[in-house]
Amino acid sequence: MQQRIYDSRTQDVVDFVPRNAGRVGLYVCGPTVQSAPHIGHLRSALVYDQMRRWFEASGLEVSLIRNVTDIDDKILDNARIAREAGGSEEWWALAYRVERDFTAAYDAIGVLPPTYEPRATANIREMVELIELLIERGHAYRAADGSASVYFDTASWPEYGALTRQRREQMEDAADSEPVGKRDPRDFALWKASRDSEPATASWPSPWGAGRPGWHIECSAMATRYLGTEFDIHGGGLDLRFPHHENELAQSSAAGHGFARHWIHNGLVNTGGQKMSKSLGNSLFAHDLLAQTRPIVLRYFLGSAHYRSVLEFSETSLTEAAAAFERIEGFVARATERSGATPEPGALPQAFVDAMLDDFAVPQALAALHEAVRAGNTAIDAGDAEGLRMRAGEVVAMLRVLGLDPADPVWRAGAAAGAGADAEGVLDALVGALIEQRAEARANKDFATSDAIRDRLQAAGIALEDRQNGTGWSLA
Ligand SMILES: Nc1ncnc2c1ncn2[C@@H]1O[C@H](COP(=O)(O)OP(=O)(O)OP(=O)(O)O)[C@@H](O)[C@H]1O
Ligand SMILES: [Zn+2]
């Protein structure tokens, strides 16, 4: 079976054939590093991590570029507000601090580093060159007020609206903070003239005068620099289809570039039916949730829905995901115990492969995983060692593709912070194994054993705490 993907431009599931045999170029819109990551941001990065891992498991070489927007109105505004309240952090320090928060949260849930993570501020020259090309080709103009601002001329581009199937006449006005000197309110800023109130560090020279890039041109320039003028897939959250991706497509095509062959969009994380968003103030921050939930469980939860569907966050859905994951984990622990070694990855079941080929249908892939767990448990009950070996091999192979192998060192405490196999990580692994044995004893109503495990840990100075999403431990 061929890899199929839902292309949000054609609004159809299509065959995915890489431009260059054996290689995939994937550009994903990364965060605007203005404030701490919420779990919507984590889901977005995670779904592209799943795709990347699946492509790699299919034998493709993946170039995944996920940018960092480290210059933007919101970053400058947040830094200014903090300074007015007595703080001293510069905008660039704020952006860098927040970028590190994002990286730590991605690492914590096992999102692999992309092939490259370009920062907007390191690609200004490419943005200026792209704007020059657009002016040359008659699709961009300097602001009529004589400032350094440059706008994209939407009227000059008949295909404007192609991505979101809108007619230009019906489109919203561009949301530029200072829409001066435009020919049309829908024209969007490519270059924003520096203002006296802005820090000099947020200003770059250009043929039109000092300024900084607009958000949309950043992604067009970075995608082109790192993947070429035409590449396979462009992704991002559904909230970015319009105006961000519509504008990226217009600029890049007007510049004569083939740009993305396919567009994909991840569904949003909602709470109470609304998009989780910094601006709406309804965010569940990654670090808060990571303090209460095991990172591997959070990865399972955020990655369990189909990437295109809405993921409604609730305590109940998180608890259900934790229980589902613990069934898998419990099976791997039992299989390890019976065979005396961590199971070796085996073949991927066809149902799993078919699901992933069908537009990354992770829920169906997880159904295949749970089916193998059930069959494996049956093999344990029947004393069928060969059946168990086979099922455990399938389970571990699927978990590896999904980035959910409990034996992966990434899940050791401290691993995310780069501490690797330090003492804390070793201790966490050992205590974790005992917690699993205790959970198994409790599931079998063998309370003498489960209490004995708790008591021995307590005697060693380790306190267990049973929470909704599993058992945690701390040094007493
Ligand atoms: N609630 C969400 N669910 C899923 N993905 C999201 C969510 N919010 C943002 N994203 C995605 O995360 C990536 C980085 O987002 P970006 O920093 O542009 O956030 P944003 O949309 O400005 O967020 P906010 O609305 O919270 O300010 C983008 O691909 C974006 O679509
Ligand atoms: Zn972008």
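Whatever order the structure lists them in is the order used to number ligands and atoms, beginning at 1. For reference, positions follow the sequence shown, starting with 1.
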*Asks:* Using a strict threshold of under 4.0 Å (side-chain N to carboxylate O), is an ion pair present between R83 and E89?
*Replies:* no
*Asks:* May I ask you to check whether V269 has an N/O atom sitting below 3.5 Å from an N/O atom of ligand 1?
*Replies:* yes
*Asks:* Taking N or O atoms only and a 3.5 Å limit, does S277 qualify as a polar contact for ligand 1?
*Replies:*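 Such a contact does occur with ligand 1.
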*Asks:* Taking the Zn ion (ligand 2) as the reference point, name the nearest N/O/S atom of H244.
*Replies:*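 Answer by atom name: NE2.
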*Asks:* Would R294 and E329 count as a salt bridge (charged side-chain N to carboxylate O under 4.0 Å, His left out) here? Give the steps.
*Replies:* CA-CA 13 Å; R294 289 164 57 211; E329 210 177 21; 2.3 Å; yes
*Asks:* Could you tell me, atom by atom, which parts of ligand 1 come under 4.0 Å of a heavy atom of N266?
*Replies:*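 Those of ligand 1 that fall under 4.0 Å from N266 are 4 (C), 5 (N).
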*Asks:* Yes or no: does G267 have any heavy atom under 4.0 Å from an atom of ligand 1?
*Replies:* yes
*Asks:* Short check: any N/O/S atom of C219 below 2.8 Å from the Zn ion (ligand 2)?
*Replies:* yes
*Asks:* Report, in ascending order of atom number, the atoms of ligand 1 lying under 4.0 Å from any heavy atom of S44.
*Replies:* 5 (N), 11 (C), 12 (O), 13 (C), 29 (O)
*Asks:* Please find out if the Zn ion (ligand 2) and some N, O or S atom of H245 are separated by less than 2.8 Å.
*Replies:*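 False for H245.
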*Asks:* Give the contacting part of L268 toward ligand 1: side chain, backbone, both or neither, where contact means a heavy-atom distance below 4.0 Å.
*Replies:*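 Both backbone and side chain.
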*Asks:* Only heavy atoms count here, so choose which of D239, L42, L46 is nearest to atom 31 (O) of ligand 1.
*Replies:*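 Among D239, L42, L46, the closest heavy atom to atom 31 (O) of ligand 1 comes from D239.
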*Asks:* Identify, by atom number and element, the atoms of ligand 1 in contact range of H38, meaning under 4.0 Å from any of its heavy atoms.
*Replies:*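 Matching atoms, with element in brackets: 1 (N), 7 (C), 8 (N), 26 (O).
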*Asks:* Within the structure, does C29 bring an N/O atom to less than 3.5 angstrom of an N/O atom in ligand 1?
*Replies:* yes
*Asks:* Can you check which of K275, M276, K278 brings a heavy atom nearest to atom 25 (O) of ligand 1?
*Replies:*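 When every heavy atom of K275, M276, K278 is considered, K275 comes closest to atom 25 (O) of ligand 1.
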*Asks:* Please list, in number order, the atoms of ligand 1 under 4.0 Å from a heavy atom of K74.
*Replies:*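 Within the 4.0 Å cut-off of K74, ligand 1 contributes 22 (O).
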*Asks:* S194 and side-chain hydrogen bond (donor to acceptor under 3.5 Å, both in side chains): which single residue from S206, S149, S203 fits?
*Replies:*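 Of S206, S149, S203, side-chain hydrogen bond (donor to acceptor under 3.5 Å, both in side chains) with S194 is met by S203 alone.
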*Asks:* Say whether G30, considering both its backbone and side-chain N or O atoms, lies within less than 3.5 Å of an N or O atom on ligand 1.
*Replies:*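 Checking ligand 1 against G30, no N or O pair falls under 3.5 Å apart.
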*Asks:* Heavy-atom distance to atom 7 (C) of ligand 1: which of G40, S35, S283 wins?
*Replies:* G40
*Asks:* State the atoms of ligand 1, each with its element, that fall below the 4.0 Å cut-off from a heavy-atom position in Q34.
*Replies:* 27 (O)
*Asks:* I need the atoms of ligand 1 closer than 4.0 Å to a non-hydrogen atom of T32, numbered in the order shown.
*Replies:*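 Near T32, meaning under 4.0 Å from one of its heavy atoms, ligand 1 has 16 (P), 17 (O), 18 (O).
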*Asks:* Near P31, which atoms of ligand 1 are under 4.0 Å from a heavy atom of that residue?
*Replies:*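 Listed by number with element: 14 (C), 17 (O).
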*Asks:* Judged by modelled atom types alone, do H139 and D153 share a side-chain donor-acceptor pair under 3.5 Å?
*Replies:* no
*Asks:* Please could you name the atoms of ligand 1 that G236 approaches to less than 4.0 Å, counting only its heavy atoms?
*Replies:*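 Result: 29 (O).
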